[in-house]
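Chain A is the first sequence line, chain B the second, and so forth, proteins listed ahead of strands; every chain is numbered from 1.
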Amino acid sequence: MNSTIAFRNVRYAVGGGRMLIHDVSFELQRDETVVILGRSGSGKTTTLKLINRLLDPTSGEVFVEGKSTGEWDPIRLRRHIGYVIQDAGLFPHFTVERNIALVPSLESWPEERIRSRVHEMLELVGLPPGVFAKRFPRQLSGGERQRVGVARALAADPPILLLDEPFGALDPITRSEIQKEFRDLQKRLKKTIVFVTHDVREAFLLGTRIGLMKNGQLLALLPADDFRKLDHPEARAFVESYS
Amino acid sequence: MNVFDVMWTNRSQVLQLTIEHIFLVAVSMAIALAIGLPLGILMTRMPRISRPVLGFANVVQTIPSLALFGFLIPIPFIGGIGARTAIVALVLYSLLPIIRNTFTGISGVDPAIREAGRGMGMTDSQLLWQVELPLAMGVIFAGIRTATVVAVGVATIAAAVGAGGLGMFIFRGVSMVDGRMILAGAIPSAVLALAADLGLGAVEKRLGRI
């Protein structure tokens, strides 16, 4: 199996037996970006958490680099996967520098290597280290925080990146700027990316393929152009909201 | 003779009883912290135990302090006459604010931050030490401060079980119907409580600035 991430008949139910994910199967090739589109509560976030094992499937299996997540040590697995969430989830008591250095420090990189890596990451997301390294998250704008969130996720150079509505809380102008920056970043870095959003514009801008989720089911997973032509009411609802 | 003359005449005893008083509070707080902090942390990991533990600590707080000292006297090993009984009672009193604030402080950490930490591959103990405890420190410290101030006050009753402390003057004053003698115990005790409150308050403020 040469897919980076694979779902095989995955179901996920919460305590009361309510199914959040119904029999989802798909495969992701190396270095592709899949955007999963869906309304709130469609199961997109749950799908992401099944990949980095914040959740374990009730039945079925999730494979990361050919190995079932159940066989991965969860800590190793997560350090192998960058994770960005809405509002970035930065640690408020850490400086920008320490936030970005999180995984490298957990992995006990030498001090000097961490420092140069942090600076490299800050440059990468367009934040001059001299200005931003020593700031605290509360001293940043929403867009800057989100850039730091991306830098933190990339710091240990993980081959896989999961993003959960990372730009959802930003104002439209900042969002569109940061989306374009992210697209450039995506081209330069070879990463397998799963990106969850309810913003169809974002999906078309960033996705090599687009998945559509509703009520815990993956209705479709198609290249962006085919998605536009998809004849499904939910897909049409999203595409129409775009025009 | 006014109060201050009484205190001056008995100055060596005032000093000695103040030291005893501080000793009672310090030892009790050390024990209460050693029990309360781990228990509060454990409750955040095992939510099932949080209700019974908080319930117990709550009930203990509702027992009038004099009665609690009285209850402890006949109990073997932990009771009897002397400092040990007083320390047990003070520990029981101080537990609630420490446990409660440790629990609520850690539980109050933004779930998104905790999730980000877990998602980045932090182990539970890394999350606790590097994220949850530092972020909860202000709230935890507020609990320690409350517990200390309460303990300084309750420790005056320790004299009733022969544990010494500034309560000695108060009980002596009550039996001699001598208000000055009561104040000779009450004033230093109030000063101690205020000093503890201000001192720990300053530390709390620094921690809260995070």
Side-chain angles (χ1 to χ4, degrees), chain A residues 45-46 48-55 72-95 98-108 136-138 145-146 148-156 158 160-166 168-169 194, chain B residues 37 40-51 98 101-145 200-210:
Chain A
T45 298
T46 311
L48 277 196
K49 290 182 180 172
L50 286 163
I51 299 172
N52 64 6
R53 228 192 146 183
L54 284 174
L55 299 172
W72 274 89
D73 165 35
I75 302 300
R76 288 251 57 78
L77 177 69
R78 291 172 196 153
R79 290 187 195 169
H80 198 69
I81 299 177
Y83 188 42
V84 185
I85 59 176
Q86 194 172 354
D87 288 328
L90 298 178
F91 297 159
H93 60 305
F94 277 21
T95 57
R98 274 190 80 195
N99 265 293
I100 298 175
L102 181 69
V103 180
S105 333
L106 295 176
E107 295 280 287
S108 327
F136 284 93
R138 63 167 181 277
R145 269 202 291 275
Q146 216 53 52
V148 174
V150 171
R152 179 173 69 170
L154 290 170
I160 302 170
L161 209 53
L162 308 179
L163 299 102
D164 190 355
E165 296 192 33
V194 186
Chain B
L37 290 176
I41 292 168
L42 195 66
M43 279 160 54
T44 63
R45 269 49 190 170
M46 307 171 66
R48 272 181 313 117
I49 67 165
S50 65
R51 283 178 66 101
I98 295 173
N101 283 38
T102 305
F103 178 66
T104 53
I106 293 177
S107 307
V109 171
D110 183 352
I113 291 170
R114 192 177 292 128
E115 184 114 313
R118 292 219 308 136
M120 304 292 294
M122 295 183 99
T123 62
D124 189 58
S125 72
Q126 285 165 340
L127 198 60
L128 177 69
W129 289 100
Q130 296 184 31
V131 179
E132 293 177 312
L133 282 177
L135 290 177
M137 208 36 96
V139 178
I140 294 174
F141 222 82
I144 295 174
R145 183 179 167 198
L200 295 174
V203 179
E204 186 187 321
K205 211 169 175 183
R206 291 188 56 157
L207 292 172
R209 261 212 306 264
I210 289 163

TODO: Could you tell me which portion of A:Leu90 (side chain, backbone, both or neither) has an atom closer than 4.5 angstrom to a non-hydrogen atom of chain B?
DONE: backbone

Task: Which atoms of A:Ile85 approach chain B - backbone, side chain, both or neither, heavy atom under 4.5 Å - done: side chain

Task: Heavy-atom check, side chain of B:Met122 versus side chain of A:Leu102, under 4.5 Å - done: yes

TODO: Determine whether B:Glu115 and A:Asp164 make a side-chain contact, defined as any pair of heavy atoms from C-beta on separated by less than 4.5 Å.
DONE: no

TODO: Could you have a look at A:Lys49, A:Glu107, A:Arg78 and say which one has the most heavy-atom pairs with chain B under 4.5 angstrom?
DONE: A:Arg78

TODO: Assess A:Arg152 against A:Phe91: is NZ or CZ under 6.0 Å from the centre of the six-membered ring, and within 45 degrees of the ring's axis?
DONE: yes

Task: Check: B:Gln126 main-chain N/O paired with B:Glu132 side-chain donor or acceptor under 3.5 Å - done: no

